[in-house]
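Notes follow once the structure below has been shown.
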Amino acid sequence: KACTQLVDNLVEHILKYEESLSDSDNKGVNSGRLVACITTLFLFSKIRPQLMVKHAMTMQPYLTTKCSTQNDFMVICNVAKILELVVPLMEHPSETFLATIEEDLMKLIIKYGMTVVQHCVSCLGAVVNKVTQNYKFVWACFNRYYGALSKLKSQHQEDPNSTILTANKPALLRSLFTVGALCRHFDFDQEDFKGNSKVNIKDKVLELLMYFTKHSDEEVQTKAIIGLGFTFIQHPSLMFEQEVKTLYNSILSDKNCSVNLKIQVLKNLQTYLQEEDTRMQQADRDWKKVAKQEDLKEMGDISSGMSSSIMQLYLKQVLEAFFHTQSSVRHFALNVIALTLNQGLIHPVQCVPYLIAMGTDPEPSMRNKADQQLVEIDKKYAGFIHMKAVAGMKMSYQVQQAINTCPKDPVRGFRHDESSNALCSHLYSMIRGNRQHRRAFLISLLNLFDDTAKTEVNMLLYIADNLACFPYQTQEEPLFIMHHIDITLSVSGSNLLQSFKESMVKDKKKERKPSSDEETESDSNSGSESEEEASKPRRLRKRADSDSDSDEENDINAVMKCLPENSAPLIEFANVSQGILLLLMLKQHLKNLCGFSDSKIQKYSPSESAKVYDKAINRKTGVHFHPKQTLDFLRSDMANSKITEEVKRSIVKQYLDFKLLMEHLDPDEEEEDGEVSASTNARNKAITSLLGGGSPKNNAAETEDDESDGEDRGGGTSGVRRR
């Protein structure tokens, strides 16, 4: 009752508004007020069209509004949408009323632009198909545009560069669009239209539209593709035609193809799926009406089988469109995938990695949409997300590469805003709840840093960024990562040193080939000297520190002499060592972030019961992950640049620091009087040097010296002392 009153009052308001206009002279003015009323009436009609039945006669004259402003077009489109819903419900409407509507709509179709044509053809479809059956009227209109297209096609075949074509371009564009729009709402292969003619209209239309998709002018191509999209809604089976598959898939997968065409193909698929969805819902409603009298029969299965097969054909190319530089292409691709998943047309597992990748998109609306799809999949199919998590991370790196506008800058794995969250933080938060899944996921990511995995350096940086910024909640999570970093370091590190040693040339004076565990002078004096240095008591070493610089120089020179002519092993070392450096940096970063002491990390065992490490993390603020050396390595494109003496020197220095670090990898137990052992000091010095000098000083020197209170920090018992 309330709705009826609202609708009646809105109509009343419109009529009053009209009267006030006719009193004054400005007849053509359509204010926003009128548009607002008519739009609201359309929304009522959409839900309960019966409310508008008695007002249909009042609405019809608005189809003849003179169009000059945006508001006038809004009025026409909304009135057409109202009549489309309401006219089929009228009991015994008068002949003249129907004839007037048909003629008004036809005039609008011939005269105005795409939006108007679309709504008017749709309205005409409802009036003719459901009420008047005036097929000849529509057939005449169709033939007019179809004939024009055929003529333009034969002219183009005779002379593609003819001036007539240029002059006729607007007519060509209109014909392509209108033929498509008419085919969407009318099945011209019915006898009612073509009579007893044997011509197959849909194939003829397909052939015509396909011809113009190969046109040299992009605007013509786009309109032809729009026309095809409309036609496929009436005849989805045409999407199985080989030429259509080739057209769609080549546009979607061709890197150089225009963005407009890609978007149009995706929009076509989107509209088709939306229409299918509406059709299915209607079929369900119709079925519910008759369900009581009929046996249960296969409702709507045929058409869902069709749309499922169609999406299988185009799925891969649509998913690949996620890797496009333009966000609009990614946006429509995501819409198509979301519709496909919501209608259950494909097995979701194949989309999971792509959705994970889209969850890193810079635009929040797209991120949220992708994340939401993942949550839905996770509810229905436990374990799918975890199964595809690593593949998803790798794919998200590809998406980030595509989006990265400045190829000189390495791709990073966190958001460049004040949150600096990991790009894949949503993925991690979905997995972290299950300890087994979480550990498997983290180990798989750390395995990519292994020297045998041969992962490209920028991807490692991207993954390290994510690992540095994931939303960890309990101490167990970062401790588990650090524990595994230590394992990887000891294996990969010694492999790396070994291969570097093997590439070095023997010193001329010494012929004996050094075995791997036997240091000879040819293998630089670093071994004996640094070890002597490291094993001196601490007080002595303080004094000796001033000389150690010159010692280091000697070491570097000694190794420089042994370098092979071919600098490939050097580059290889620099390249492979990036993974290990990143792990070192990551460990230092997590240590800083969570305030863990060395002994805390040392004592951790993954097999211990979960409760021990279930304490929440106290994150330090302002701790940022900045692996300077890897960034420099990538920015200078060292892997492909010429090797200078200076670069060689820096790599050799890195090698020596590395060697020192490997010798002192496991921290000794602390000495009784709280002194830090010599080995620990050597290790910290090596780490500081390796990680680009200044950066980790805040943890290399300090955390070591205040080791004892570090324990409390990491989760001591008394809250007061911890503060």
Side-chain angles (χ1 to χ4, degrees), residues 252-259 262-263 266 316-334 337 350-367 369-371 374 388-417 420-428 444-445 447-449 453-470 575-576 578-579 581-582 585-586 625-641:
L252 289 175
S253 53
D254 180 6
K255 290 274 185 290
N256 309 319
C257 189
S258 106
V259 172
K262 279 186 198 292
I263 290 177
L266 290 166
K316 187 172 185 320
Q317 280 70 17
V318 174
L319 288 169
E320 294 292 327
F322 282 1
F323 303 128
H324 200 277
T325 327
Q326 294 275 346
S327 73
S328 46
V329 176
R330 300 196 302 274
H331 169 81
F332 284 107
L334 185 57
I337 294 301
Q350 47 202 333
C351 298
V352 170
Y354 292 93
L355 289 168
I356 292 172
M358 277 309 273
T360 65
D361 197 281
E363 295 187 25
S365 59
M366 310 231 287
R367 285 206 292 273
K369 192 165 189 170
D371 290 348
L374 284 174
K388 293 287 184 186
V390 179
M393 286 273 293
K394 289 181 176 173
M395 237 174 231
S396 69
Y397 170 67
Q398 287 173 283
V399 168
Q400 292 305 314
Q401 266 184 317
I403 296 168
N404 188 11
T405 41
C406 175
K408 281 241 180 328
D409 276 345
V411 174
R412 300 302 302 268
F414 55 82
R415 294 232 154 74
H416 297 284
D417 55 18
S420 64
N421 287 337
L423 288 179
C424 295
S425 55
H426 180 257
L427 169 68
Y428 182 76
S444 308
L445 291 183
N447 284 345
L448 295 171
F449 291 84
K454 300 271 184 281
T455 317
E456 60 168 301
V457 176
N458 197 163
M459 189 192 269
L460 289 179
L461 170 68
Y462 175 79
I463 289 171
D465 278 341
N466 273 290
L467 285 167
C469 305
F470 274 155
N575 209 356
V576 177
Q578 294 307 319
L581 282 173
L582 279 168
M585 273 308 270
L586 178 59
F625 183 61
H626 183 72
K628 185 173 170 306
Q629 276 189 307
T630 305
L631 290 170
D632 292 345
F633 176 84
L634 287 166
R635 287 197 184 111
S636 63
D637 193 22
M638 191 186 279
N640 304 318
S641 52

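Values in this document were obtained by computation on a predicted structure and should not be read as measured data.
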Original post:
Partners of Asn466 by side-chain hydrogen bond (donor to acceptor under 3.5 Å, both in side chains), sequence neighbours excluded?
Top reply: none
**OP:** Identify whether the distance between the nearest side-chain nitrogen and carboxylate oxygen of Asp632 and Lys628 falls below 4.0 Å.
**Re:** yes
**OP:** Test Cys424 against Tyr462 for side chain to side chain contact (heavy atoms under 4.5 Å, CB included), laying out the working first.
**Re:** CA-CA 10 Å; Cys424 295; Tyr462 175 79; 3.9 Å; yes
**OP:** Identify, with sequence neighbours excluded, every residue that meets side chain to side chain contact (heavy atoms under 4.5 Å, CB included) alongside Lys369.
**Re:** Leu334, Asn335, Ala338
Subject >> Residues in side chain to side chain contact (heavy atoms under 4.5 Å, CB included) contact with Ser258, at least two apart in sequence or another chain >> reply: Glu218, Asn260, Leu261
Subject >> Test ring pair (Phe, Tyr, Trp, His ring centres under 6.0 Å) applied to Phe625 - qualifying residues, sequence neighbours left out >> reply: His589
Subject >> Any residue meeting side-chain hydrogen bond (donor to acceptor under 3.5 Å, both in side chains) with His324, in chain and number order, not counting sequence neighbours >> reply: none
Original post:
What residues form a side-chain hydrogen bond (donor to acceptor under 3.5 Å, both in side chains) with Gln317, not counting sequence neighbours?
Top reply: none
Original post:
Are any non-hydrogen side-chain atoms of Met395 and Tyr397 less than 4.5 angstrom apart?
Top reply: no
Subject >> For Thr455, all residues meeting side chain to side chain contact (heavy atoms under 4.5 Å, CB included), sequence neighbours excluded >> reply: Leu448, Ala453, Met459, Leu460
Original post:
Applying salt bridge (charged side-chain N to carboxylate O under 4.0 Å, His left out), which residue pairs with at least one partner in residues 353-365 are found, sequence neighbours left out?
Top reply: Arg330-Asp361
**OP:** Could you list all the salt bridge (charged side-chain N to carboxylate O under 4.0 Å, His left out) pairs where at least one residue sits in residues 401-411, not counting sequence neighbours?
**Re:** Asp409-Arg635
Original post:
Excluding sequence neighbours, so at least two apart, what forms ring pair (Phe, Tyr, Trp, His ring centres under 6.0 Å) with Phe470?
Top reply: Tyr428
Original post:
side chain to side chain contact (heavy atoms under 4.5 Å, CB included) with Val576: which residues, sequence neighbours excluded?
Top reply: Asp451, Leu496, Glu572
**OP:** Please list all pairs passing the salt bridge (charged side-chain N to carboxylate O under 4.0 Å, His left out) test where one or both residues lie in residues 316-326, with sequence neighbours left out.
**Re:** Lys316-Glu320
